[in-house]
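Presented below is the structure to which this report refers.
These figures come from a predicted structure and were not determined experimentally. In what follows, residues are counted from 1 in the order of the sequence shown.
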Amino acid sequence: MASLLPNGKQVFVDSNGVPLAGGTVDFYIPNTTTRKDTYQDSRLTIVNTNPLTLDSAGRAVIFGSGAYRQIVKDSLGNTIWDQETNGSGSGSGTVTDSVAAALYGGP
């Protein structure tokens with residue numbers, strides 16, 4: 001039985017659906033300001049920078065394990081959201097709940 005593949009890159013957008021070009025994403029242990037690593041690969045061997053800077057289309061490759069506090073900011077440093085996400089939602093180990101929130105009007 002086949003399953004849908006997760007996106008290779010995640011896209012972060014503002015409340016108007018505009019990609020957050022040059023924005024940043026900080027990752028923390030939930031309910032803290034203690035940074036938590038995310039990764040560029042599914043084997044969790046290549047660590048992302050933290051904060052992670054989004055490309056010109058508001059994209060980034062983000063793999064993680066477990067729950068994260070995620071703070072997304074635009075290129076000017078304005079907070080777009082600060083919420084908890086969980087990498088176990090898709091079964092792939094990717095942090096994807098935040099993408100759904102960004103694309104479909106979540107907090």
Side-chain angles (χ1 to χ4, degrees):
M1 180 172 214
S3 63
L4 292 174
L5 293 175
N7 289 337
K9 289 189 177 184
Q10 298 167 23
V11 179
F12 293 81
V13 297
D14 66 15
S15 60
N16 296 313
V18 177
L20 290 171
T24 60
V25 186
D26 291 88
F27 295 94
Y28 302 96
I29 295 170
N31 303 309
T32 74
T33 55
T34 302
R35 293 198 182 273
K36 183 174 178 182
D37 288 339
T38 62
Y39 303 86
Q40 297 177 35
D41 64 316
S42 63
R43 295 172 66 171
L44 308 180
T45 61
I46 304 169
V47 179
N48 282 321
T49 60
N50 194 358
L52 179 76
T53 302
L54 302 172
D55 70 12
S56 62
R59 297 177 301 207
V61 175
I62 307 168
F63 288 88
S65 179
Y68 289 80
R69 176 183 179 198
Q70 182 182 76
I71 300 177
V72 176
K73 297 179 181 178
D74 65 18
S75 61
L76 300 175
N78 300 306
T79 299
I80 303 301
W81 76 74
D82 178 347
Q83 69 182 44
E84 187 173 321
T85 73
N86 192 323
S88 63
S90 69
S92 65
T94 58
V95 180
T96 56
D97 295 346
S98 60
V99 176
L103 294 175
Y104 303 111

Anything under 3.5 Å between a donor and an acceptor, one on a side chain of residues 15-25, the other on a protein residue two or more places apart or in another chain? List them.
none

From L44 CG over to F63 CZ, what is the distance, rounded to the nearest 0.5 angstrom?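 Interatomic distance, L44 CG to F63 CZ, rounded to 0.5 Å: 8.5 Å.
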If you measure from NZ on K73 to CG on D82, what distance do you get to the nearest 0.5 Å? 9.0 Å
Could you tell me if the side chain of I80 sits less than 4.5 Å from the side chain of F12, heavy atoms only?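 Result no, sub-4.5 Å side-chain heavy-atom pair not found.
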Cluster overlap F27 with I71, hydrophobic side-chain contacts below 4.5 Å: no
Is Y68 reachable from I29 through a run of hydrophobic residues whose side-chain heavy atoms are each under 4.5 Å from the next?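 No; Y68 is not reachable from I29 via cluster members.
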Step by step, would you call L52 with I62 a side chain to side chain contact (heavy atoms under 4.5 Å, CB included)? CA-CA 9 Å; L52 179 76; I62 307 168; 3.5 Å; yes
With distance as the sole test, does K36 use its side chain to make a donor-acceptor pair with the main-chain N or O of A67 at under 3.5 Å?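 At least one qualifying donor-acceptor pair exists.
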Does T79 use its side chain to pair, donor to acceptor, with the backbone of W81 at less than 3.5 Å? no
Closest heavy-atom contact between P51 and D26? CB-OD2, 3.2 Å
For the residue pair V61 and G8, what are the closest heavy atoms and their distance? CG2-O, 3.5 Å
Do T34 and Y28 pass the side chain to side chain contact (heavy atoms under 4.5 Å, CB included) test, and can you show the C-alpha distance, the side-chain angles, and the key distance before you say yes or no? CA-CA 5 Å; T34 302; Y28 302 96; 5.7 Å; no
Could you walk me through whether R69 and N31 satisfy the side chain to side chain contact (heavy atoms under 4.5 Å, CB included) test, starting with their C-alpha distance in whole Å, then the side-chain angles of each, then the deciding distance to 0.1 Å, before giving a yes or no? CA-CA 7 Å; R69 176 183 179 198; N31 303 309; over 6 Å; no
Contacts of D37 that satisfy side chain to side chain donor-acceptor pair (under 3.5 Å) - sequence neighbours left out: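 Once residues adjacent in sequence are excluded, D37 has no partner under the side chain to side chain donor-acceptor pair (under 3.5 Å) criterion.
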